[in-house]
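Scroll down for the structure; my scribbles are underneath it.
Residue numbers run from 1 in the order of the sequence given. It should be emphasised that the depicted structure is a prediction, and the values quoted were computed from it without experimental measurement.
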Amino acid sequence: MKIALIGAGNLATVLGHALYNAKHDIVQVYSRTMAAAKQLAERLNAVPTDDLETITNDADLYIIALKDSVLHEVIGKICPNRSEKLFVHTAGSMPIDVFRGRTERYGVLYPMQTFSKTRIVDFRNIPVFVEANSISTMQTIIGVAQSVSDNVQELSSTDRRYLHLAAVWACNYVNHCYDLAAEVLQKVDLPFDVMLPLTDETARKIHELSPREAQTGPAIRYDENIIEAQMQLMNDNPKAQKIYELMAKSIHEKSKK
């Protein structure tokens with residue numbers, strides 16, 4: 001299938017490589033900066049552009065992988081006069097209805113994973129959640145998704161919002177906790193990699209136990225002496241103290257259910 005990739009960020013880069021390796025023809029890569037468009041386009045044997053006015057008509061599928069705040073604007077610019085084309089976005093929290101009234105064939109292709117340009121992951125293991133405005137369009141989107149992933153599921157916009165929220169908790173907020181831990185370690189000149197055996201085992205455990213069953217630490221029994229002492233170590237970071245306090249209370253309350 002001929003595909004125009006609208007975006008050259010983390011998700012677009014990893015998805016673009018997966019589609020290219022699945023033998024799709026990536027005909028064009030758009031980015032707001034030509035440098036970013038060229039960098040990805042060269043690796044996908046595509047034509048780069050930084051101008052939405054020059055988006056090709058020679059594509060069957062247009063994948064919009066951009067930040068949520070610009071989706072409405074970009075859709076409004078590239079969908080008109082391409083009613084026979086298929087458009088999808090890749091956002092977790094944006095509804096399918098952003099396309100309504102602007103084109104006839106549209107949907108969502110949401111890969112649930114954390115992406116970085118420098119880490120090309122095995123896309124076959126990534127769950128991809130799809131949605132479409134018609135049965136025939138859904139069949140096409142599922143076909144594209146299955147060409148890169150072994151785990152493709154249909155999911156409505158309403159339910160996808162909850163999935164994305166869960167992903168933010170399980171990934172983005174957990175990673176922020178890693179960052180806070182790294183700041184604590186810096187105070188005593190310890191590298192973050194001393195945490196890796198611990199973080200790796202924590203991740204492995206939830207393959208076998210529920211997150212609640214796997215929970216350990218002083219917050220479960222609400223050991224006030226330890227909690228208070230550790231909060232005092234963060235006197236220079238009141239926000240981290242508050243996060244710590246709220247997390248401790250939440251862990252303790254859930255452990256009793």
Side-chain angles (χ1 to χ4, degrees), residues 7-18 20-21 35-36 39-40 43 65 67 90 92-93 110-128 148-151 163-255:
N10 293 331
L11 190 158
T13 297
V14 181
L15 176 58
H17 279 89
Y20 181 77
N21 291 335
Q39 184 179 38
L40 182 55
R43 297 162 72 179
K67 60 183 181 181
T90 60
S93 289
Y110 171 55
M112 194 189 68
Q113 181 57 281
T114 175
F115 295 109
S116 297
K117 288 184 180 181
T118 55
R119 290 181 57 83
I120 303 302
V121 298
D122 182 2
F123 222 93
R124 301 244 53 110
N125 297 321
I126 296 173
V128 177
V148 295
S149 171
D150 293 330
N151 186 352
L163 176 69
H164 189 229
L165 172 60
V168 168
W169 274 109
C171 175
N172 305 133
Y173 284 10
V174 168
N175 192 72
H176 182 61
C177 289
Y178 292 160
D179 189 34
L180 293 174
E183 290 181 357
V184 171
L185 292 171
Q186 286 173 1
K187 295 178 181 180
V188 289
D189 296 323
L190 284 173
F192 183 74
D193 62 15
V194 301
M195 293 286 105
L196 296 181
L198 176 64
T199 58
D200 289 347
E201 175 58 16
T202 301
R204 280 192 294 265
K205 277 202 299 186
I206 59 173
H207 285 264
E208 301 174 8
L209 303 173
S210 71
R212 192 167 298 178
E213 290 172 326
Q215 188 70 59
T216 61
I220 285 183
R221 57 189 181 274
Y222 210 77
D223 190 324
E224 294 188 48
N225 290 333
I226 292 178
I227 291 170
E228 182 59 32
Q230 291 191 336
M231 287 183 64
Q232 289 180 12
L233 293 175
M234 296 181 287
N235 282 336
D236 60 334
N237 192 341
K239 286 185 179 179
Q241 279 184 320
K242 190 64 176 178
I243 292 170
Y244 181 100
E245 181 182 22
L246 291 173
M247 291 280 276
K249 289 179 179 178
S250 180
I251 289 169
H252 180 60
E253 289 169 2
K254 286 184 175 294
S255 71

Looking at [X] and [Y], what are the two nearest heavy atoms and their distance?
X    : Y    : answer
Q39  : K117 : OE1-NZ, 4.5 Å
K187 : D236 : NZ-OD1, 3.0 Å
G7   : A12  : O-CB, 3.3 Å
I126 : P111 : CG2-CB, 4.1 Å
M112 : L163 : SD-CD1, 3.3 Å
S149 : V128 : CB-CG2, 3.7 Å

Is it true that a side-chain atom of [X] and a backbone atom of [Y] form a donor plus acceptor pair closer than 3.5 Å?
X    : Y    : value
N175 : C171 : no
H17  : T13  : yes
S250 : M247 : no
N235 : Q232 : yes

Q. Passes side-chain contact (heavy atoms from CB on, under 4.5 Å), Q186 versus F192? Steps please.
A. CA-CA 8 Å; Q186 286 173 1; F192 183 74; over 6 Å; no
Drop me the distance from [X]'s [atom1] to [Y]'s [atom2], to the nearest 0.5 angstrom.
X    : Y    : atom1 : atom2 : result
E228 : E245 : CD    : CD    : 8.5 Å
Y178 : L185 : OH    : CG    : 13.0 Å
N125 : N151 : CG    : CG    : 9.0 Å
N237 : K242 : CG    : NZ    : 13.5 Å
E183 : M234 : CD    : CE    : 11.0 Å
T118 : N10  : OG1   : CG    : 8.0 Å

(Q) Angle between ring planes, F115 versus F123, binned at 30° and 60°: parallel, tilted or perpendicular? (A)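 Parallel, since the angle between the ring planes stays under 30°.
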Q: Might you confirm whether atom NZ of K239 has over 12 heavy atoms from other residues, nucleotides or ligands at distances under 6.0 Å?
A: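 It does not: K239 NZ has 12 such atoms or fewer within range.
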Q) Does some side-chain heavy atom of I220 sit less than 4.5 Å from a side-chain heavy atom of I251? A) yes
Q: Test side-chain contact (heavy atoms from CB on, under 4.5 Å) on V14 and V121 and set out the steps.
A: CA-CA 7 Å; V14 181; V121 298; 3.8 Å; yes
(Q) Any salt bridge linking D223 with R221? Criterion: basic side-chain nitrogen under 4.0 Å from a carboxylate oxygen. (A) yes
Q: Decide, yes or no, whether a salt bridge links K205 with E201 under the criterion of side-chain N to carboxylate O below 4.0 Å.
A: no
